[in-house]
> 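So that we are looking at the same thing, I have put the structure below in structure tokens.
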Amino acid sequence: LYSLLMTAGLILDTTDILSFGIKGNLSINPNDLSSASYDFGGQKQVEPLAVFHPVSAEDIAKLVKVAYESTQGFTVSARGHGHSVNGQAQTSNGIVIQMSESTNKPRRVLNEKLRYVDVWGGELWIDVLKSTLRHGLAPKSWTDYLYLSVGGTLSNAGISGQAFNHGPQISNVYELDVITGKGELKTCSEERNSELFHAVLGGLGQFGIITRARIALEPSPQRVRWIRMVYSNFSAFTQDQEYLISLHGQPPDANKLDYLEGSVIVDQTGSLHNCRSSFPSPGNISSLFGFAEGGVLYSLEIAKNYQQSNANSVDQEIEALLKSLNYIPATTFTRDLSYVDFLDRVHKAELKLRSQGLWDVPHPWLNLFVPKSRVEEFDKGVFKGILGSNSNGPILIYPMNKNKWDKRTSAVTPDHEVFYLVALLRSALDNKDSSQTLEYLSKQNGQILKFCNDNGIKIKQYLPHYATQKEWIDHFGDKWSTFYRRKMEFDPKHILAPGQGIFYPNFLSRREHFN
Ligand SMILES: Cc1cc2nc3c(=O)[nH]c(=O)nc-3n(C[C@H](O)[C@H](O)[C@H](O)COP(=O)(O)OP(=O)(O)OC[C@H]3O[C@@H](n4cnc5c(N)ncnc54)[C@H](O)[C@@H]3O)c2cc1C
Ligand SMILES: Cc1ccn(-c2ncnc3[nH]cnc23)c1
């Protein structure tokens with residue numbers, strides 16, 4: 001193996017690796033290389049030179065130091081659970097580090113009194129949840145799907161229906177251990193190495209590899225009351241959502257909502273493959289299309305967490321909340337389930353889709369932040385226009401409060417106090433229906449981006465993917481100068497996370513990188 005790296009000119013001689021006392025296993029096993037070359041998007045397959053199975057953070061630091069000090073140079077890409085969709089965790093000219101394996105990860109340390117847990121950067125959120133629940137605690141902010149790594153979601157933001165209240169996951173981190181592109185292992189927080197701390201949060205893996213995250217916890221609820229209601233009018237749908245998120249933090253506590261997400265139903269068959277698969281009985285939705293304006297219905301999901309002991313007050317609180325909303329009468333559907341079952345809802349959808357061979361398919365996903373002031377136009381032009389009647393997967397739309405996002409982080413949001421996440425989470429099927437193919441859906445995504453650009457709707461991509469550095473500079477806007485300065489400070493050779501396609505390694509010619 002070392003001779004392979006030597007012939008690839010990646011290391012001067014075996015002493016490079018051995019002399020650094022690296023303990024982890026550097027593998028060129030075809031299965032290792034193959035699993036590191038795919039991701040959930042199924043659109044890019046890029047094979048690394050080798051795959052590293054680290055035994056500790058120090059091990060990773062030594063490997064990055066070899067990359068940083070070697071003459072020829074090679075890139076290093078941390079891979080969490082590989083659930084990116086555009087090759088963000090891949091590299092063709094370097095080593096992929098498998099962060100989320102079950103073996104060899106440092107154990108979690110939970111502090112009940114100070115309400116935080118220290119976890120390995122490759123830990124999956126489902127495992128963080130199950131371990132903290134044993135202490136009656138849980139993280140505050142989530143993603144819809146929990147089989148994602150802590151490092152992967154903190155490198156983006158980590159959002160779901162709790163974000164309007166608690167902010168994204170990157171707003172609920174006290175401290176990180178990070179390995180910079182120079183191979184330095186640093187502890188960072190608001191108070192210590194704060195520039196690195198803010199850079200890494202939402203930093204798309206560009207500034208360092210997260211090996212430990214200190215996550216804020218709160219007392220965990222036992223139960224969740226989860227209610228879905230259907231709207232035919234988009235303005236009523238969005239005004240109710242904005243009203244509900246304006247209530248958080250205001251008395252009485254009875255108004256408190258713990259989760260809010262909307263979704264768009266354009267597909268009248270209500271088939272499992274197309275609708276918001278985490279809520280049951282899509283069938284009763286198709287019967288409502290008679291109410292639909294422009295062939296589109298909207299589903300609003302709210303949830304209140306509660307302890308078994310105050311189950312009876314939840315009914316009144318929800319009734320009071322529903323009274324002020326303008327959904328289609330008698331379309332409420334209520335479920336009551338355990339906290340872990342609610343949070344793990346998308347995994348249930350995964351199992352159903354897997355059983356039908358609909359999970360391991362290409363996912364041309366498009367996630368946008370849309371300013372509140374432009375969301376009506378977006379509805380008319382996209383949901384009632386470009387999309388047509390095929391959604392091919394969940395279409396989420398819910399508002400967030402910008403004041404819950406720390407502007408010092410690398411995360412990019414629109415310059416508006418309230419903005420919506422619009423998530424087009426489609427699956428491409430290679431079947432007779434030409435409107436479900438990868439090519440068709442990718443082209444439609446391009447039409448949606450063109451619609452926003454032509455109409456001056458200043459969206460920002462979440463989980464961003466661009467083809468040129470000029471588009472990246474436009475994406476970051478007035479954050480670009482800070483982003484670039486931080487890259488030069490923490491990863492001057494541009495070794496880290498090349499799969500994002502923002503910087504090309506400056507030990508390769510530009511041609512080699514972009515071909
Ligand atoms: C079914 C599904 C549902 C999803 N739902 C949501 C959702 O509700 N909300 C949401 O916010 N996102 C959601 N996502 C997107 C998800 O948060 C991102 O794709 C995330 O990056 C995936 O985590 P991962 O561990 O698979 O990352 P990977 O794909 O392995 O890596 C993602 C990026 O982060 C870098 N990286 C990985 N680990 C580290 C680390 N330890 N340190 C530094 N950089 C690292 C990689 O180099 C890469 O650039 C969903 C994705 C899927 C597939
Ligand atoms: C591929 C797939 C199947 C279901 N989903 C989802 N369903 C509901 N909410 C989601 N959020 C992210 N992915 C989601 C995603």
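In each ligand, atom 1 is the first atom listed, and ligand 1 is the first ligand listed.
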> With the threshold set at 4.0 Å, does a side-chain nitrogen-carboxylate oxygen contact exist between Asp360 and Arg354?
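Judged by the 4.0 Å cut-off on N to carboxylate O distance, Asp360 and Arg354 do form a salt bridge.
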
> Numbering the atoms of ligand 2 from 1, which are under 4.0 Å from a heavy atom of Leu353?
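The list of qualifying atoms is 3 (C).
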
> Please list the nearest protein heavy atom to atom 34 (O) of ligand 1 with its residue and the distance rounded to 0.1 Å.
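Of the protein heavy atoms, Ser155 CB, 3.8 Å lies nearest.
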
> Show me which atoms of ligand 1 lie under 4.0 Å from any heavy atom of Asp144.
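With Asp144 as reference, the close atoms of ligand 1 come out as 7 (C), 8 (O).
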
> With heavy-atom distances below 4.0 Å as the criterion, list the atoms of ligand 1 near Thr153.
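So the answer, numbered in order with elements, is 17 (O).
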
> Show the atoms of ligand 2 that are less than 4.0 angstrom away from any heavy atom in Pro394.
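Answer for ligand 2: 4 (C), 5 (N), 6 (C), 7 (N).
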
> Tell me, which protein residue and heavy-atom name are nearest atom 13 (C) of ligand 1, and how many Å apart are they?
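For atom 13 (C) of ligand 1, the nearest protein heavy atom is Leu148 CD1, 3.9 Å.
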
> Backbone N or O of Gly158 within a donor-acceptor pair of the Thr153 side chain at under 3.5 Å?
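Not a single qualifying donor-acceptor pair exists.
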
> Between Asp144, Val346, Leu396, which one has a non-hydrogen atom sitting closest to atom 6 (C) of ligand 2?
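Selected option, by shortest heavy-atom distance: Val346.
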
> For ligand 1, which is the ligand I care about here, please tell me if Asn156 has any N or O atom under 3.5 Å from one of the ligand's N or O atoms.
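It does: an N or O of Asn156 is found under 3.5 Å from an N or O of ligand 1.
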
> Give the C-alpha distance, both sets of side-chain angles, the deciding distance and a yes or no for side chain to side chain donor-acceptor pair (under 3.5 Å) between Gln444 and Arg426.
CA-CA 11 Å; Gln444 207 176 52; Arg426 282 107 64 79; 2.8 Å; yes

> Which atoms of ligand 1 are found less than 4.0 Å from any heavy atom of His81?
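Answer, ordered by atom number: 24 (P), 25 (O), 26 (O), 30 (O).
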
> Give the numbers and elements of all ligand 1 atoms closer than 4.0 Å to a heavy atom of Gly80.
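Here the atoms of ligand 1 in question are 25 (O), 28 (P), 30 (O), 37 (C), 38 (N).
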
> Give the numbers and elements of all ligand 1 atoms closer than 4.0 Å to a heavy atom of Gly205.
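Result: 44 (N).
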
> Students should be able to answer this: which protein heavy-atom is nearest to atom 46 (C) of ligand 1, and at what distance?
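The protein heavy atom lying closest is Ala78 O, 3.1 Å.
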
> Find all atoms of ligand 2 within a distance of less than 4.0 Å from any non-hydrogen atom belonging to Leu425, and give their numbers and elements.
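Near Leu425, the atoms of ligand 2 are 10 (C), 11 (N), 12 (C), 13 (N), 14 (C).
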
> Of the listed options (Gly152, Gly499, Ser149, Pro168), which comes nearest to atom 25 (O) of ligand 1 when hydrogens are ignored and any heavy atom counts?
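Of the listed residues, Ser149 has the closest heavy atom.
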
> What is the nearest protein non-hydrogen atom to atom 9 (N) of ligand 1, stated with its residue, atom name and distance?
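Of every protein heavy atom, Ile159 O, 2.7 Å lies nearest to atom 9 (N) of ligand 1.
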
> If you measure from atom 11 (O) of ligand 1 to every heavy atom of Tyr462, Trp365, Trp359, which option wins on shortest distance?
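Nearest option to atom 11 (O) of ligand 1, by heavy atoms: Tyr462.
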
> May I ask you to check whether Phe234 and Tyr298 place their ring centres under 6.0 Å from each other?
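Yes: the rings meet the under 6.0 Å criterion.
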
> Please state which part of Asp39 comes within less than 4.0 Å of ligand 1, counting heavy atoms only: side chain, backbone, both or neither.
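No part of Asp39 comes within reach of ligand 1.
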
> Where's the contact between Tyr145 and ligand 2, heavy-atom distance under 4.0 Å: side chain, backbone, both or neither?
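Looking at Tyr145 and ligand 2, no heavy atom falls under 4.0 Å.
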
> Which residue is it: Arg408, Arg485, Lys186? I am looking for the one with a salt bridge (Lys or Arg N to Asp or Glu O under 4.0 Å) to Glu195.
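Testing each of Arg408, Arg485, Lys186 against Glu195, the sole residue satisfying salt bridge (Lys or Arg N to Asp or Glu O under 4.0 Å) is Arg485.
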
> Do Tyr504 and Trp472 have ring centroids that are under 6.0 Å from one another?
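No.
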
> Quick one: nearest non-hydrogen protein atom to atom 29 (O) of ligand 1, plus distance?
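Its nearest protein heavy-atom neighbour is Ser84 OG, 2.6 Å.
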
> May I ask you to say whether Glu301 pairs ionically with Arg345, meaning some side-chain N is under 4.0 Å from a carboxylate O?
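No, Glu301 and Arg345 are not salt-bridged.
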
> Quick check on side-chain contact (heavy atoms from CB on, under 4.5 Å): which of Ile245, Leu244, Val375 does Pro399 satisfy it with?
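Output: one option passes, namely Ile245.
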
> For atom 19 (O) of ligand 1, what is the nearest protein heavy atom, given as residue, atom name and distance?
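Scanning the protein heavy atoms, the shortest distance from atom 19 (O) of ligand 1 goes to His83 O, 3.1 Å.
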
> In ligand 1, which numbered atoms sit nearer than 4.0 Å to a non-hydrogen atom of Gly158?
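Reading through ligand 1 atom by atom, the close ones are 11 (O).
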
> Taking Lys404's backbone N and O only, do any of them form a donor-acceptor pair with Asn401's side chain (distance below 3.5 Å, no angle check)?
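No, the answer is negative, given that no donor and acceptor are paired below the 3.5 Å cut-off.
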
> Does Arg192 pair with Glu175 as a salt bridge, N-O distance under 4.0 Å?
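Not counted as a salt bridge, because no side-chain N and carboxylate O are separated by less than 4.0 Å.
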
> How far is atom 10 (C) of ligand 1 from its nearest protein heavy atom, and which residue and atom name does that atom have?
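Result for atom 10 (C) of ligand 1: Thr143 CG2, 3.5 Å.
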
> Taking the six-membered ring where the residue is Trp, are the ring centres of Phe342 and Tyr259 under 6.0 Å apart?
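Yes, the ring centres sit under 6.0 Å apart.
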
> Numbering the atoms of ligand 1 from 1, which are under 4.0 Å from a heavy atom of Ile209?
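Near Ile209, meaning under 4.0 Å from one of its heavy atoms, ligand 1 has 42 (N), 43 (C).
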
> Is Asp258 salt-bridged to Lys304, going by a charged N under 4.0 Å from an acidic O?
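No, no charged N to carboxylate O under 4.0 Å.
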
> Could you tell me whether some N/O pair between Val346 and ligand 1 is separated by less than 3.5 angstrom?
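No; the residue has no nitrogen or oxygen that sits under 3.5 Å from a nitrogen or oxygen of the ligand.
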
> Just wondering, do Pro464 and Leu204 contact through their side chains at under 4.5 Å, heavy atoms?
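Result yes, sub-4.5 Å side-chain heavy-atom pair found.
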
> If you count the atoms of ligand 1 from 1 in the order shown, which ones are under 4.0 Å from a heavy atom of Arg79?
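In order of numbering, the contacting atoms are 30 (O).
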
> Is it true that Gly203 lies under 4.0 Å from ligand 1, counting heavy atoms only?
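Distance cut 4.0 Å: Gly203 fails for ligand 1.
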
> For ligand 1, which part of Gln500 has a heavy atom less than 4.0 Å away: the side chain, the backbone, both, or neither?
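The answer is the side chain of Gln500.
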
> Any donor-acceptor pair under 3.5 Å linking the side chain of Asn172 with the backbone of Pro168?
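Yes: the side chain of Asn172 pairs with the backbone of Pro168.
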
> Nearest 0.5 Å, what's the OG-NZ distance between Ser220 and Lys140?
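So the gap between those two atoms works out to 13.0 Å.
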
> I'd like to know whether the aromatic ring centres of Trp405 and Phe164 sit less than 6.0 Å apart in this structure.
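When the ring centroids of Trp405 and Phe164 are compared, they turn out to be at least 6.0 Å apart.
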
> Could you tell me whether Gly82 and ligand 1 have an N or O pair separated by under 3.5 Å?
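Yes, Gly82 has an N/O under 3.5 Å of an N/O on ligand 1.
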
> For the side-chain contact (heavy atoms from CB on, under 4.5 Å) test, which of Leu196, Val200, Leu496 pairs with Phe490?
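Only one of Leu196, Val200, Leu496 forms a side-chain contact (heavy atoms from CB on, under 4.5 Å) with Phe490, namely Leu196.
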
> Give the residue, atom name and distance (to 0.1 Å) of the protein heavy atom nearest atom 43 (C) of ligand 1.
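Of the protein heavy atoms, Gly208 O, 3.4 Å lies nearest.
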
> Using a 3.5 Å cut-off on N or O atoms only, is Met99 in polar contact with ligand 1?
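Among all N and O atoms of Met99, none is under 3.5 Å from an N or O of ligand 1.
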
